Protein chains: 2
Amino acid sequence: MALRYAILGYLSTAPGSGYDLSQQLDGGLGWFWSASHSQIYPELRRLESAGLIVGSPMTVGEKLEKRVYSITEDGFAELIAWASQLPIYRPNRDPERLQLIFSDVAGVDEIRRHLLAHREHFERRRDQLRGTLDRMLARRHERIERRLEGRSEAQQQLTLLLRDLAYSGDIERAEHEIAWAQDALARLDEYERGAAAPSGPTRRGSRARPSRAH
Amino acid sequence: MALRYAILGYLSTAPGSGYDLSQQLDGGLGWFWSASHSQIYPELRRLESAGLIVGSPMTVGEKLEKRVYSITEDGFAELIAWASQLPIYRPNRDPERLQLIFSDVAGVDEIRRHLLAHREHFERRRDQLRGTLDRMLARRHERIERRLEGRSEAQQQLTLLLRDLAYSGDIERAEHEIAWAQDALARLDEYERGAAAPSGPTRRGSRARPSRAH
DNA sequence: CCGACCATGTAATATGTTACATGATTGT
DNA sequence: ACAATCATGTAACATATTACATGGTCGG
């Protein structure tokens, strides 16, 4: 269902083509949902035949056809109904954690490489998110500016507040992952140095963490 | 692919039946991966015909048939190969965040309910994870004790370290979500009180947070 | 004897990934 | 002319959810 609403949400800001959507959703750059164009185009057709969006054919240059979709009133109502629902939490699926807990069958070096990759992955993600958030707060994010157009001051503040919460929440998540990986690497070093070091009961990570600059 | 390795990982501790697996993975209670029995049984057959596990039929009581699977050497090698790989990060998909950023079309009350549900969800999750981690550190977690059997002291320490990292990492994630929702609720109240309150540039969440007890 | 749980499957549907396929436009 | 990017689709396959389907065991 989420793809449906990702599309409706996107089009509720301003009309756009399938290609525009796939630019945002393919690879999921800086975004909270992801889909490839092979999923997007059929879904657009389905949304259109359900009357939630309408597409108008345009021509670029001489021959290149594209379809620009707009949300309909029904589509907007559908979006509001969905946004008003309580969130439905799906079962947790975390391939990296799964890999980690069974990495005791691999070597310490492999675990270290894993944790380093983890840190780097979230450093990249944090930087990307920060870039987008900064552009947004500097009021230089085009799509969001479009969304603010023609709305009341209070409405605009709410939109910006929600975006800020979402982006800074994800940035903090990424920072948490970086700090976690850092700590994990330290604990792994400790393990390797002393093997059975202080032998006391293993402290919970949340407690045993000396270097949380937070 | 992950289901395959969740099963191999589980069976690398001790043999088990499809039902045992679905107890762990159905609904994903306290676990990092989730699957329903309708996925598990066919996958077990596939793993068996690939020679990675072997099933032996057992009879409970008079007639009830069950198949208890054990990992083979090939299966173990496959698990090690997988665990040694670098993690592959899939595109981010977060339906709750998606809902939140488009909730400016809904009302403030709906957003508040959403955030309250978010907090409660992660409070429950944190408590469940804590329960499991505490049992594990108290050395009362049966399955993990099974995994430690017959391994060297150093090996045991590594297993426990990895589990501790995974569980406490997830507990901290949950705590972060709770704190985030708490802060978001406060900011929403602030928004509602003043509507366009101090009008200064919105501070980034990570900075504007007064109550991080961390 | 009955309800909770053990135990295993299939089918239909929905969602997501990778590959295959085609052609136009724009800037260098 | 050539490469990068714009633009839209289909097909095959993999993965995940929900519903349908069946029967046994164990304890009260």
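Keep in mind the model is a prediction, meaning the values are calculated, not measured. Letters go in sequence order (proteins before strands), and every chain restarts at 1.
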Minimum-distance nucleotide (side-chain atoms of R67(B) versus dG16(C), dT8(C), dT8(D)): dT8(C)

Which nucleotide wins on minimum distance to the side chain of K66(B), given the candidates dG16(C), dA7(C), dT18(D)? dA7(C)

Report yes or no: is the cationic atom of R97(A) (NZ for Lys, CZ for Arg) closer than 6.0 Å to the six-membered ring centre of W180(A), at no more than 45° off its axis? yes

Kindly confirm or rule out a cation-pi arrangement of R67(A) over Y19(A), judged by NZ or CZ under 6.0 Å from the six-membered ring centre and within 45° of its axis? no

How do V60(B) and K63(A) order along DNA chain C: which one's closest nucleotide is nearer the 5' end? V60(B)

Of L64(A) and S22(B), the one whose closest DNA chain C nucleotide lies more 5': S22(B)

Quick check: does any side chain N or O of S36(B) sit under 3.5 Å from a backbone N or O of D26(B), one acting as donor and the other as acceptor? no

Short side-chain N/O contact to [N] OP1/OP2 from [X], under 4.0 Å:
X      : N       : value
Q23(A) : dT5(D)  : no
R93(B) : dT15(D) : no
Y19(A) : dC6(D)  : yes

Please report, rounded to the nearest Å, how far the [atom2] atom of [N] is from the [atom1] atom of [X].
X      : N       : atom1 : atom2 : answer
M1(B)  : dA14(D) : CE    : P     : 8 Å
Q39(B) : dT10(C) : CD    : P     : 14 Å
L3(B)  : dA14(D) : CG    : C1'   : 12 Å
Y41(B) : dT18(D) : OH    : P     : 18 Å
E48(A) : dT8(D)  : CD    : P     : 12 Å
H37(A) : dC20(C) : NE2   : C1'   : 10 Å
I40(A) : dT10(D) : CD1   : P     : 14 Å
M58(A) : dT8(D)  : CE    : C1'   : 15 Å

Between R113(A) and E110(A), does any NZ, NE, NH1 or NH2 come within less than 4.0 Å of an OD or OE carboxylate oxygen? no

Is a salt bridge present between R173(B) and E177(A), judged by a nitrogen-to-oxygen distance below 4.0 Å? yes

Assuming nearest nucleotide by heavy-atom distance, tell me which of S38(B) and R46(B) is located more 5' along DNA chain D. R46(B)

